[in-house]
Amino acid sequence: MTGTDLGMPAFPPFPEAAREAVGNEVLRANLRHATHTIRDKRARAVAELDDWDRLRAAGKAVKDHTLRHLDRYLLELEAAVTAAGGTVHWAVDAEEANRIVTGLVLATGEREVVKVKSMATQEIGLNEALEAAGIAAYETDLAELIVQLGHDRPSHILVPAIHRNRGEIRDLFRTEMGRWGRPAPEDLGDDPRELAEAARLHLREKFLRARVGVSGANFMVAETGTMVVLESEGNGRMCLTLPETLISVVGIEKVVPTFRDLEIFLQTLPRSSTAERMNPYTTMWTGLGPSKGADGDGPTAFHLVLLDNGRTDTLADPTGRQALRCIRCSACLNVCPVYERAGGHAYGSVYPGPIGAVLSPQLRGTAAPIDATLPYASTLCGACYEVCPVAIDIPEILVHLRERVVQGGPVTREGVRVRIRPAHGHTAERAAMRAARLLLDRPGALRAGERLLSRARRLRPRRLPGPGRAWTDTRALPDVPAESFRDWWARERKSPQK
Amino acid sequence: MRAALFVTCVNDALYPRTGIAVVRLLERLGVEVDFPAAQSCCGQPQYNTGYRRESEPLLRRTAEAFAGYDHVVTPSGSCAAMIREQYPRIGRKAAEEGRGSTLAALADDLVPRVRELTEFLVDVLGVTDVGAYFPHTVTYHPSCHGLRSLGLGDRPRRLLAAVKGLELIELPGAEECCGFGGTFALKNPDVSAAMGADKIRSARATGAEVLCGADNSCLAHLEGTLRHAGEPLRTLHLAEILAATEEEPPR
Ligand code: SF4
C-alpha cells in the first residue's frame with residue numbers, strides 16, 4: 001500500500017468520528033452559522049457574473065489540459081523558475097519534501113521560520129518535521145495561528161478554525177500567546193477587532209525577526225515561473241516579502257500553462273471561497289527577478305519544492321483524476337450538509353469535506369478505516385458538484401471509490417499498476433447486495449417476498465437488529481401495505497401474473 | 001397516448017398507494033397506462049453502494065421490460081436519475097472492461113424515453129393544472145436527485161400551485177438534503193438523523209399540514225423521523241395529491 005502521509009495521526013472511521021461532532025451542540029452551531037453565512041454570500045457573488053458557467057467550463061478545461069500534459073508544463077516551470085534565479089527541488093513524498101525543507105532551513109543557520117498558510121506543508125506534516133530538527137515554525141495566517149496556539153488541527157480549507165467561536169479564541173490568545181512570543185493584552189475581549197489587533201502585534205514581532213519564510217502557492221505559471229498566493233489578511237504578504245530566504249512547497253497539480261490563464265481563476269476563486277469579487281491580497285513572485293538581490297526588495301534566495309505525494313498515482317485514474325482540478329476554494333465544504341454536521345476533523349485529513357472525501361482516499365489509498373469510510377461520507381446529494389468552480393463531479397468519484405473499497409480493482413501505486421483487494425468488513429453487505437439483486441432479478445420471487453412481507457406485517461418489530469438498528473433508533477419503520485402494487489395491478493386489471 | 005409505469009421497487013413493496021395514484025392520475029388525463037410485470041429495481045442501491053457489477057443485470061432487466069414503449073413514467077426522481085445519469089456510465093464501463101457493448105446499447109435506447117412524473121406531465125402532456133382538489137396547506141421538499149441530477153426546477157411546485165384548494169407554503173432551506181441518501185442512512189446514522197431532524201424542524205416551522213415530496217425513499221426517512229418524534233405533520237407523495245379529487249381524496 002502507499003505510504004503517502006497527509007500529516008495526520010491514525011483516525012477512526014468516519015461514522016465514529018462524526019458521531020462525536022453531531023453530539024457537540026456548540027460545534028454544530030458554530031459550523032451551521034459559518035457555513036450558511038458564507039454559502040449565501042457565495043451564491044450572491046456568483047450570481048453577479050452572467051458568464052459564470054463559461055468561466056467554470058474554462059477553468060475545468062485549462063486544468064484538464066494542464067493535467068494531461070503535466071510533465072511538459074512542470075519542466076517548463078522548472079526552466080522558468082531556474083532562469084529567474086530560483087532553485088527547483090522535486091519531492092516524491094512527504095518524507096523527501098520534509099527532508100529538503102529542513103535541510104534548506106538548517107543551511108541558513110536559522111532556527112525559526114514564518115509561514116503563510118499552505119495546505120501542502122500541512123499535508124506533509126512539515127511543522128512537526130521542523131520541530132524535530134529544532135526549528136520553530138510560526139503560522140501567520142490568523143486562522144492558522146488560532147489552530148497552532150490551540151495545539152489543534154485545522155477543520156476547514158480556508159477557515160481552519162471555523163469550529164472555534166470568538167470566546168474560545170480570546171481564551172486561547174490569553175493563555176497561549178505569551179508562550180510563543182508577545183503576549184495578548186490582559187484585558188483582551190472577544191471583539192473581532194480586538195482579537196485581530198492582538199494577533200497583529202504578536203505576529204509583527206515575528207515578521208521583523210524572521211529571516212526564512214515558508215509558503216505554499218495557489219498557482220504556478222509554467223511560462224513565466226511565477227508563483228501566486230491569494231490571501232485576505234496581508235500577513236501572507238509580509239511573510240513572502242520580509243524574509244531573506246523563501247521556500248515554497250507546492251503540489252504539482254497547481255501549475256497552469258500561461259499567465260493569461262490566471263484571469264479565470266482570479267475571478268472564480270475569490271467568489272467561490274470568500275464571496276469576494278476580488279481577492280484582498282494577491283502576491284506574485286517570479287524567482288528572484290531582476291530587482292532582487294543586494295539592492296532590491298524581497299528574498300535573496302528562492303526555493304521551490306514540487307510535491308508529488310500520491311498525485312501522479314491519482315492522475316493515472318481516469319475517473320478520480322478530476323479531483324486534481326481542485327483550486328481549494330472550499331465552496332464544496334460550505335455547502336455540504338454532511339460537513340456541516342460532522343465537522344472537519346471527522347475527515348481525518350487536512351482536506352475535509354467533499355473534496356477531502358475523494359482526495360484523501362486517492363492520495364493515501366483505501367486501506368485504513370478512515371479512508372475506507374470516507375467515500376461513504378456523503379448522501380450523493382450533488383450540492384458540492386453544483387458549486388464547484390472547476391466542475392469536479394464529486395458524487396461520481398465517490399461512487400467510483402466505493403466500488404474500489406468493496407470490490408477492489410486496479411490502482412496505480414508509486415507508478416506501478418496493481419490490483420488491490422476489497423477493504424475488510426464488507427462481506428455481509430456484499431452478500432446482502434447479491435441476495436437483493438438475485439431476488440430483484442426474479443419478479444416471481446420478488447412478488448412472493450412482498451406477499452410474505454405483507455402477511456407478516458403485524459409481526460414487524462419496532463426495533464431492528466444489525467444495520468437496521470441504526471434506522472429504528474431514530475426513525476419509525478414504514479408500514480407494510482396489505483398488498484403490493486404488483487398485486488393490486490393484477491387484481492385490478494384482472495390479468496393474473498406469475 | 002400510451003405510457004409504461006416504472007413504479008420502482010420501494011413503491012411496489014412499501015408505497016403501492018403512490019403507484020395507484022399515478023395510474024389514476026394518468027388515466028384521468030387520458031393516458032393509457034401499462035405496467036410491464038417483468039420490471040424490478042433500477043439497481044441504484046447496488047450501484048451507489050459500490051456494487052456496480054451487481055447493478056448490471058438490473059439495468060438489463062429494466063431496459064428489456066420497457067423495450068418498445070415510447071414513454072416510461074416513474075414517480076421517483078432518484079430512480080429516473082439513476083437511469084438517465086448512471087445507465088450510460090454502467091454501459092460504458094462494462095464495454096471498457098470487455099463485457100460487450102449490449103448494456104451500453106440498452107442504456108442508450110432506454111434513457112431518452114424515461115421521464116419522472118412531473119416531467120411527463122409538464123413536458124410531454126403539457127399540463128400544469130391536472131384537475132386535482134386538495135384543500136390543505138402543503139410544503140414541498142425537492143429531493144436532491146430530482147433537483148440536481150434531473151433539473152426538475154419548478155415543475156413540481158407549479159403542479160402543486162395549480163391544485164384547487166391547496167395552499168403551497170415554501171419550505172425554508174428546501175434545497176438542502178434530507179439526509180436519506182440510500183445506504184448512507186445506515187452507514188452514517190448519526191449524521192443522517194441530524195439532517196432529518198433539521199429538515200423536519202424547517203417543515204414544522206412552515207405550519208403546513210402536509211410535507212410533500214416526489215421520492216418515497218426520502219419520505220420514508222422523513223416520515224419515520226416524524227413518527228419517531230410523535231409529530232402530527234404527515235408526509236404525502238406528490239402523485240397522491242395530484243390524483244386527489246373531491247370524489248376521491250387521498251387516504
Ligand atoms: S472541489 Fe471544487 S468546490 Fe471543492 S474546494 Fe475544490 S475547487 Fe472548491
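To find a chain, count down the sequence lines: A is the first, B the second, and so on, and within it residues start at 1. Quick note: numbers below take in every heavy atom, side chains included, and nothing from hydrogens, waters or symmetry partners.
Note: B:R89 leads B:E223, B:R89, B:H145 in heavy-atom pairs under 4.5 Å with chain A. Interface remark: of the candidates B:N11, B:N188, B:T183, B:N188 forms the most heavy-atom pairs closer than 4.5 Å to chain A. Contacts with chain A were tallied for B:V23, B:I20, B:L222; B:I20 has the most, counting heavy-atom pairs under 4.5 Å. Here B:N48 is the residue among B:L147, B:N48, B:T62 with the most heavy-atom pairs under 4.5 Å with chain A. When the candidates A:E483, A:H36, A:E396 are compared by the number of heavy-atom contacts under 4.5 Å with chain B, A:E396 comes out ahead. Taking A:G382, A:P375, A:S378, A:P395 one by one and counting their heavy-atom pairs under 4.5 Å with chain B, the maximum is reached by A:S378. Annotation: maximal heavy-atom pairing with chain A below 4.5 Å, among B:L219, B:L58, B:T49, B:V7, occurs at B:T49. For the options B:C144, B:A193, B:P45, heavy-atom pairs under 4.5 Å to chain A are most numerous at B:C144. Your options are A:A346, A:G23, A:S484, A:A342, and the one with the most heavy-atom pairs under 4.5 Å with chain B is A:S484.
Rounded to the nearest 0.5 Å, atoms CZ (B:R52) and NE2 (A:H400) are 9.0 Å apart. One finds the OG atom of B:S40 at 14.0 Å from the CZ atom of A:R447 (value rounded to the nearest 0.5 Å). If you take CZ on A:R434 and OH on B:Y51, they are separated by 11.5 Å, rounding to the nearest 0.5 Å. The distance from atom NE2 of B:H228 to atom CG of A:L477, rounded to the nearest 0.5 Å, is 11.0 Å. Between A:T319 atom OG1 and B:K93 atom NZ the span is 4.0 Å, to the nearest 0.5 Å.
Heavy atoms only, all atoms of each residue included: B:S192 and A:R475 are closest at OG-NH1, 3.0 Å. The minimum heavy-atom distance linking B:C177 with A:P337 is given by the pair CB-CG, 4.0 Å. The minimum heavy-atom distance between A:R341 and B:D198, with the atom names listed, is NH2-OD2, 2.6 Å.
Residue A:E340 touches chain B through its side chain alone, counting heavy-atom pairs closer than 4.5 Å. Contacts between A:R430 and chain B at a heavy-atom distance below 4.5 Å involve backbone atoms as well as side-chain atoms. With a 4.5 angstrom heavy-atom cutoff, A:D473 touches chain B only via backbone atoms. Residue B:Q46 touches chain A through both its backbone and its side chain, counting heavy-atom pairs closer than 4.5 Å. Both the backbone and the side chain of A:V338 come within contact range of chain B, judged by heavy atoms closer than 4.5 Å. With a threshold of 4.5 angstrom between heavy atoms, A:D40 does not approach chain B through any atom at all. For a residue to count as touching a neighbouring chain, one of its non-hydrogen atoms must lie under 4.5 Å from one of that chain's; by this rule B:Q86 does not touch chain A. At a 4.5 Å heavy-atom cutoff, the contact between A:A377 and chain B is made by backbone atoms alone. When heavy atoms are compared at a cutoff of 4.5 Å, B:V191 approaches chain A by way of both its backbone and its side chain. Looking at B:L226, neither its backbone nor its side chain comes within 4.5 Å of chain A, counting heavy atoms on both sides.
In this structure a side-chain-to-backbone donor-acceptor pair under 3.5 Å is missing from B:Y15 to A:F485.
Ring geometry, A:W489 versus B:F35: the interplanar angle falls from 30° to 60°, so the pair is classed tilted.
At a threshold of 4.0 Å, the pair B:E175-A:R39 does not count as salt-bridged, since none of the basic side-chain nitrogens sits closer than that to a carboxylate oxygen.
Within the 4.5 Å cutoff, the side chain of B:R53 has no heavy atoms near those of the A:M433 side chain.
Remark: A:R32 CZ is packed, more than 12 non-hydrogen atoms of other residues, nucleotides or ligands lying under 6.0 Å away. Remark: B:E231 CD is packed, more than 12 non-hydrogen atoms of other residues, nucleotides or ligands lying under 6.0 Å away.
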